[in-house]
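For reference, the structure is listed below as structure tokens.
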2 protein chains.
Amino acid sequence: MESTRAKIITAAVRCFRNNPSDTLEKVAEEAGVSRRTLHRYFENRDDLIESCKNEMLVSCNKAMIIAYESDPGPIKKIRNMLFAAIEQGANYAFVKRIYERSNFSDLDRKKEFESDDVKSKWFNLIKDLQKAERINTELTIPWIFNLFGSVIETAIYAVESGDVAKNDSRNFAWISFKGAIGLNE
Amino acid sequence: MESTRAKIITAAVRCFRNNPSDTLEKVAEEAGVSRRTLHRYFENRDDLIESCKNEMLVSCNKAMIIAYESDPGPIKKIRNMLFAAIEQGANYAFVKRIYERSNFSDLDRKKEFESDDVKSKWFNLIKDLQKAERINTELTIPWIFNLFGSVIETAIYAVESGDVAKNDSRNFAWISFKGAIGLNE
DNA sequence: GAAATATGTCTCAAATATGTGACATACTAC
DNA sequence: GTAGTATGTCACATATTTGAGACATATTTC
């Protein structure tokens, strides 16, 4: 059974993702605990958000590292990382939004995130494919990185909104991402 | 010279886009007016947000209709609509986020937006291209629609974050979108 | 089943955000 | 320059959100 702490974090991620100003009352309700209990685990709002960031970052990184290592081929690696991120759903979306919104006080953390193992692995894969002219050489790597995140977010959102069936979504995402960077598998 | 009302709306769009719970104090400051003045133009927070929605919707729709009509060719129409949306920048991003976040009370408006002229024009363009097998037939139209919005948002964000130069951004967006839907120009 | 731990309920104080009135000042039109 | 309009400043009432204490109740552990 999920710990109370974990339940609260899951609830907070769901809430804050839509609306970063949801009240702690609502988060507690969503988690099925009282607000008083929430305060026993998290001193204040910032503490809660900080905890969400950390946990989600760990969760996403772990999933993507596993995906990275699941196949020796660079293209399969990238595909599986895409799938893993989509599978993370709300977790991934939360991290992405948080860093989009990040202000100066978050810059250190952002740098930390950016210099992260997973990201550099991903960068190297793309760099090599571009060097080998397997993908479009007009596009810059930062653009491709942003695009990768967007396609993932689109896939997550498309399912949540009911626009696209869950099974279709990850396939569409891969087809679209491949095409977008000019990759012929 | 921009009217005070317009200044406030512009500021509100910028603020609420990052953080929908920014205080009215901050919006006023961003607009360079006092909070008291803000309240003279907008009864309350809801009134302000409602006004932002309306104005941004009008602004985006107008820009995209002009783009639509700027060229007889369907592909150029789509490309120019993409460019127009990117050009709208914060305006477009605000509208997109608002509707992603929309709850039940917004559903009517959302439907209104969805049945909108611009969207149906866009849908028909894509539908025709797909029927003519000019673009990938595996992908569904709702997916392509979501993707279109994401690519636009990516282009806007990539410039704002400094990752990609402004001139590159819209070209990258078009290259990527074309590729993503399998369009050969 | 007793002790320890976790959670809920009720309560309250402090902080923050909001809406508005009263009046001063700046700007515009004529 | 004067009337009229727009805006700023200050003050204040109200509502909301937050954080925590005191104590009851439930759950776990031994």
Side-chain angles (χ1 to χ4, degrees), chain A residues 1-56 58-59 90 94 97-98 100-106 109, chain B residues 1-56 58-59 90 94 97-98 100-106 109:
Chain A
M1 153 83 180
E2 210 180 9
S3 76
T4 300
R5 196 190 134 85
K7 269 195 298 187
I8 295 171
I9 288 195
T10 305
V13 166
R14 268 203 305 271
C15 289
F16 292 153
R17 202 191 128 200
N18 296 339
N19 180 3
S21 68
D22 263 2
T23 62
L24 299 185
E25 190 77 49
K26 196 175 167 201
V27 174
E29 196 185 339
E30 181 90 10
V33 302
S34 72
R35 189 163 62 82
R36 190 68 190 82
T37 294
L38 185 151
H39 277 297
R40 286 201 180 91
Y41 285 89
F42 306 95
E43 271 203 0
N44 52 41
R45 189 186 199 79
D46 284 348
D47 181 20
L48 174 58
I49 291 181
E50 199 60 23
S51 302
C52 289
K53 281 189 201 174
N54 292 334
E55 305 243 344
M56 294 307 102
V58 168
S59 164
F94 176 84
R97 286 291 162 97
I98 285 288
E100 272 177 16
R101 237 191 303 272
S102 68
N103 47 29
F104 295 107
S105 72
D106 277 320
R109 168 177 302 281
Chain B
M1 150 85 178
E2 210 180 9
S3 75
T4 300
R5 194 190 136 87
K7 270 195 299 188
I8 295 171
I9 288 195
T10 305
V13 166
R14 267 203 306 270
C15 289
F16 293 153
R17 200 191 131 201
N18 296 339
N19 179 3
S21 68
D22 264 2
T23 63
L24 299 184
E25 190 77 51
K26 192 171 170 203
V27 174
E29 195 185 339
E30 181 89 11
V33 302
S34 71
R35 189 164 60 84
R36 190 68 189 82
T37 295
L38 184 153
H39 277 298
R40 286 201 180 91
Y41 286 88
F42 305 95
E43 272 205 359
N44 53 40
R45 186 186 200 79
D46 285 348
D47 182 20
L48 174 57
I49 291 182
E50 199 60 23
S51 301
C52 288
K53 282 188 200 175
N54 292 333
E55 305 242 346
M56 294 307 102
V58 168
S59 164
F94 176 84
R97 287 290 163 97
I98 284 288
E100 271 177 16
R101 238 192 302 273
S102 68
N103 47 29
F104 294 108
S105 72
D106 277 320
R109 168 177 304 281

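Being a predicted model, the structure only gives us computed values, none of them experimental.
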Options [options], nucleotide nearest the side-chain atoms of [X]:
X	options	result
B:Arg40	C:dC10, C:dC23, C:dT18	C:dC23
B:Arg36	C:dT20, D:dA6, D:dT18	C:dT20
A:His39	C:dT7, D:dT18, C:dG19	D:dT18
A:Arg35	D:dA20, C:dG19, D:dA6	D:dA20
B:Asn44	C:dG19, C:dG8, C:dG21	C:dG19

Please confirm whether any donor atom in the side chain of A:Arg45 sits under 3.5 Å from an acceptor in the base of D:dG19, or the reverse. no

How many Å lie between [atom1] on [X] and [atom2] on [N], as a whole number?
X	N	atom1	atom2	value
B:Phe16	C:dA17	CZ	P	13 Å
B:Lys7	D:dA6	NZ	P	14 Å
B:Leu38	D:dG8	CG	C1'	13 Å
A:Ile49	D:dT18	CD1	P	10 Å
A:Phe42	D:dT17	CZ	P	20 Å
B:Tyr41	C:dT20	OH	P	17 Å
B:Asp47	C:dT18	CG	C1'	14 Å
B:Leu24	C:dT16	CG	P	16 Å

On DNA chain D, compare the nucleotides closest to B:Val33 and A:Asp22; which residue's is nearer the 5' end? B:Val33

Quick one: on DNA chain D, does A:Thr23 or A:Glu43 contact a more 5' nucleotide (nearest heavy atom)? A:Thr23

A:Ser34 vs C:dT7: side-chain N/O to OP1/OP2 distance below 4.0 Å: no

Can you tell if the side chain of [X] reaches within under 4.5 Å of the side chain of [Y], non-hydrogen atoms only?
X	Y	answer
A:Phe94	A:Arg14	no
B:Phe16	B:Leu48	yes
B:Ser21	A:Pro20	no
B:Glu25	B:Leu38	no

Tell me the closest heavy-atom pair linking B:Ile8 and B:Phe42, and the distance in Å. CG2-CE1, 3.6 Å

